[in-house]
Amino acid sequence: FYALVGSAIVLILPGTMNLSMALQFLVVDFYILLTFILGIRIAYQVLSFWFNRNKRNGENVLIYGANENGTMLLHKINHSMDSRFKVVGFLDDDPQLEGKMIYGYPVLGTHWKLSQMLDKRNVESILICQPNLKPENFRRLKRIAEARGVNIKHLQIKLRNLTSRQITE
């Protein structure tokens, strides 16, 4: 905005350009500046995602739940420079999601295929992001994970009330 206002002052006040030519120039200038600004922001996000996605070290994890919580956790892992996790893929109870990709990561199947997945991939932990996981599915998941020495962690997003006294402490 300030660049456009500055350009308008330089072009219109000294009388170097007439008003219609200056307006055309300012519109083109606006689109070029906007393209550069958005391009830089998008390039930063893409590069951050790709550099963090191809981490060589870290704990290999499966995200259980290809939902909003699962994708939020994936973004947090991939955009955090100090994350110690490396995502292998997703598990989900919806069989229609199997084989699909979520932000470049495969949905490998349901909990029924967990044994096969653990045979094929070196997974150290399963991060559960499914808020309404059925107890029988959890028991099966836990049994398979414990037999293979795989950790299970649960993502829990919780809001709690803070008093003004707690905030100042």
Side-chain angles (χ1 to χ4, degrees), residues 1-110 117 121-132 153-169:
F1 174 76
Y2 293 119
L4 287 174
V5 170
S7 298
I9 291 171
V10 168
L11 293 174
I12 295 173
L13 285 183
T16 56
M17 287 186 162
N18 64 21
L19 187 59
S20 67
M21 225 171 131
L23 285 175
Q24 290 172 356
F25 176 78
L26 290 175
V27 168
V28 171
D29 189 33
F30 169 74
Y31 282 115
I32 290 172
L33 285 172
L34 185 65
T35 302
F36 285 144
I37 290 169
L38 292 176
I40 288 170
R41 292 183 60 85
I42 291 169
Y44 174 78
Q45 293 295 324
V46 168
L47 291 174
S48 172
F49 176 81
W50 283 106
F51 282 124
N52 287 321
R53 179 178 183 212
N54 296 324
K55 294 178 196 172
R56 299 272 185 248
N57 56 356
E59 183 179 342
N60 290 334
V61 297
L62 281 173
I63 297 176
Y64 192 106
N67 53 22
E68 296 84 18
N69 291 342
T71 56
M72 181 181 64
L73 179 61
L74 173 69
H75 284 294
K76 181 68 177 162
I77 290 170
N78 282 340
H79 289 289
S80 175
M81 295 294 192
D82 58 346
S83 173
R84 59 183 179 90
F85 298 120
K86 185 175 143 188
V87 178
V88 174
F90 286 92
L91 290 171
D92 198 88
D93 290 335
D94 186 357
Q96 293 180 347
L97 291 177
E98 185 175 345
K100 298 205 173 153
M101 301 290 274
I102 297 178
Y103 297 107
Y105 292 90
V107 178
L108 301 169
T110 65
M117 284 179 239
R121 291 173 166 75
N122 179 23
V123 175
E124 300 168 60
S125 292
I126 299 170
L127 308 178
I128 298 177
C129 297
Q130 194 83 13
N132 52 0
K153 299 173 183 174
H154 184 258
L155 174 71
Q156 188 173 23
I157 300 172
K158 195 165 46 170
L159 296 174
R160 64 184 176 108
N161 290 327
L162 294 177
T163 64
S164 60
R165 182 174 168 215
Q166 290 172 321
I167 293 171
T168 59
E169 292 175 352

Testing the basics here: between Gly65 and Cys129, what is the closest heavy-atom pair and its distance to 0.1 Å? O-CB, 4.4 Å

Taking every non-hydrogen atom, the tightest pair across Ile102 and Leu74: O-CD2, 4.1 Å

Value rounded to 0.5 Å, distance of NZ in Lys100 from CG in Asp92: 11.0 Å

Specify the closest pair of heavy atoms between Phe90 and Leu62, including all atoms of both residues, with the distance to one decimal. N-CD2, 4.4 Å

I'd like to know if the side chain of Glu59 and the backbone of Phe85 have a donor-acceptor N/O pair within less than 3.5 Å. no

Which value, rounded to the nearest 0.5 Å, describes the distance between Lys86 atom NZ and Ile77 atom CD1? 12.5 Å

For Ala66 and Leu97, which heavy atoms make the closest approach, and how far apart are they? CB-CD1, 4.1 Å

With rounding to the nearest 0.5 angstrom, report the CG to OG1 distance, Leu108 to Thr110. 10.5 Å

In this structure, OG1 of Thr35 is separated from CD1 of Ile40 (nearest 0.5 Å) by 11.0 Å

Residue pair Leu91, Met117: steps toward the side chain to side chain contact (heavy atoms under 4.5 Å, CB included) verdict: CA-CA 10 Å; Leu91 290 171; Met117 284 179 239; 3.0 Å; yes

Atom CE in Met72, atom CD1 in Ile63: separation rounded to 0.5 Å? 10.5 Å

Does NZ in Lys153 sit with more than 12 non-hydrogen atoms of other residues, nucleotides or ligands closer than 6.0 Å? yes

Could you walk me through whether Asp93 and Tyr64 satisfy the side chain to side chain contact (heavy atoms under 4.5 Å, CB included) test, starting with their C-alpha distance in whole Å, then the side-chain angles of each, then the deciding distance to 0.1 Å, before giving a yes or no? CA-CA 9 Å; Asp93 290 335; Tyr64 192 106; 2.4 Å; yes

Does the side chain to side chain contact (heavy atoms under 4.5 Å, CB included) test come out yes or no for Asn78 and Tyr105, once each step is laid out? CA-CA 12 Å; Asn78 282 340; Tyr105 292 90; 3.2 Å; yes

